[in-house]
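What follows is one structure encoded as structure tokens, with my remarks underneath.
Proteins come first, then strands; the chains are lettered A, B, ... in the order of their sequence lines, and each starts at number 1.
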Amino acid sequence: MLSIGEVEQLTGLSSRQIRYYEKVGLIHFQRTPGGQRRFVKHDIETLLRIRQLLDEEGDIEGVKRRMEREQQLGQKPLSDQERAKLTSLYPVSDRPGLLRALQGIEVPKPKRPSK
DNA sequence: ATTCTTACA
DNA sequence: TGTAAGTA
């Protein structure tokens, strides 16, 4: 599971935007007992999708309508091509890491110097 | 050090 | 949307 800080770093979205999308009901996240948000692969995809739709639609309502319609039609797994497009719309700090995260590969996090 | 919510130049 | 404030 990823923290909001890691998701910011990974997607280039601000924590403000992430929390706002949740606030308006476009997405919801799991919470730790302490109330902190926890993110999984699918959340990353959805967050990037929201930003993409927001650009196309202009407002939150437009995004909501399109997301509802997609739900009714059923979601399909992202192709490598769609993944590439989704991650190249905006600058991200670690695109290779983002691509791996979207494919479910564990992204190594900087840890304590063990040597 | 991080994250969370609320409020506002 | 950014950011400051006061917590957990």
Side-chain angles (χ1 to χ4, degrees):
Chain A
M1 302 297 261
L2 303 167
S3 68
I4 195 168
E6 296 171 321
V7 176
E8 274 192 279
Q9 172 75 24
L10 223 43
T11 64
L13 291 171
S14 66
S15 60
R16 179 75 164 85
Q17 294 175 305
I18 296 170
R19 293 177 181 127
Y20 178 63
Y21 298 158
E22 181 189 48
K23 167 83 99 168
V24 299
L26 285 174
I27 184 176
H28 62 282
F29 310 110
Q30 182 188 314
R31 297 288 188 119
T32 64
Q36 296 194 347
R37 277 166 268 251
R38 279 303 175 277
F39 308 74
V40 295
K41 187 196 69 170
H42 181 249
D43 294 330
I44 307 298
E45 297 176 345
T46 305
L47 285 170
L48 293 173
R49 183 86 180 106
I50 290 173
R51 168 114 124 224
Q52 181 182 51
L53 294 179
L54 203 46
D55 258 25
E56 298 173 10
E57 301 297 324
D59 57 73
I60 296 299
E61 286 309 309
V63 178
K64 284 185 179 178
R65 286 193 290 276
R66 286 194 49 175
M67 288 187 89
E68 280 181 33
R69 188 186 321 168
E70 290 180 1
Q71 263 183 284
Q72 298 171 52
L73 301 179
Q75 302 86 280
K76 309 147 197 174
L78 281 59
S79 67
D80 289 344
Q81 210 239 291
E82 295 173 315
R83 210 141 39 206
K85 181 175 185 180
L86 207 53
T87 59
S88 60
L89 298 176
Y90 303 92
V92 296
S93 55
D94 178 22
R95 201 156 109 90
L98 176 55
L99 266 327
R100 289 199 298 280
L102 290 179
Q103 292 174 110
I105 299 173
E106 280 306 317
V107 181
K109 290 170 293 188
K111 279 293 186 180
R112 222 94 324 297
S114 52
K115 299 200 183 69

Which residue pairs pass the ring pair (Phe, Tyr, Trp, His ring centres under 6.0 Å) test with at least one member in residues 29-84 of chain A, sequence neighbours excluded?
-> A/F29-A/F39

Give me, pair by pair, the N or O atoms of the protein and of nucleotides 5-8 of chain B that are less than 3.5 Å apart, along with how far apart they are.
{"from": "B/dT5", "atom 1": "OP1", "to": "A/R31", "atom 2": "NH1", "distance (Å)": "3.3"}
{"from": "B/dT5", "atom 1": "OP1", "to": "A/R31", "atom 2": "NH2", "distance (Å)": "3.1"}
{"from": "B/dT5", "atom 1": "OP2", "to": "A/R37", "atom 2": "NH2", "distance (Å)": "2.2"}

Under 3.5 Å, is there a donor-acceptor pair linking the side chains of A/R83 and A/T87?
-> no

Would you kindly say whether A/R49 and A/Q52 are connected by a side-chain donor-acceptor distance under 3.5 Å?
-> yes

Rounded to the nearest Å, what distance is computed from the [atom1] atom of residue [X] to the [atom2] atom of nucleotide [N]?
X: A/L2; N: B/dT2; atom1: CG; atom2: C1'; answer: 15 Å
X: A/R38; N: B/dC4; atom1: CZ; atom2: C1'; answer: 12 Å
X: A/Y20; N: B/dT3; atom1: OH; atom2: P; answer: 22 Å
X: A/E8; N: B/dC4; atom1: CD; atom2: P; answer: 9 Å

Think A/S15 has a side-chain N or O under 4.0 angstrom from the OP1 or OP2 of B/dC4?
-> no

Just to confirm, is there a sub-4.0 Å distance from OP1 or OP2 of B/dC4 to any side-chain nitrogen or oxygen of A/Q36?
-> no

Parsed dot-bracket for DNA chain C after applying the Watson-Crick and G-U rules with both distances under 3.5 Å and | for other-strand partners is .|||||.|

Quick one: side-chain hydrogen bond (donor to acceptor under 3.5 Å, both in side chains) partners of A/Q17, sequence neighbours excluded?
-> A/S14

Could you pull out all residues at least two apart from A/D59 that satisfy side-chain hydrogen bond (donor to acceptor under 3.5 Å, both in side chains)?
-> none

Residue pairs passing the salt bridge (charged side-chain N to carboxylate O under 4.0 Å, His left out) test with at least one member in residues 1-15 of chain A, sequence neighbours excluded, are A/E6-A/K109

Specify the residue among A/L54 and A/G34 whose closest nucleotide of DNA chain C lies further upstream toward the 5′ end.
-> A/L54

Return yes if some donor-acceptor pair links the side-chain N/O of A/K64 with the main-chain N/O of A/V24 below 3.5 Å, else return no.
-> yes

At their closest point, which heavy atom of A/L10 faces which heavy atom of A/A101, and how far apart are they?
-> CD2-CB, 3.8 Å

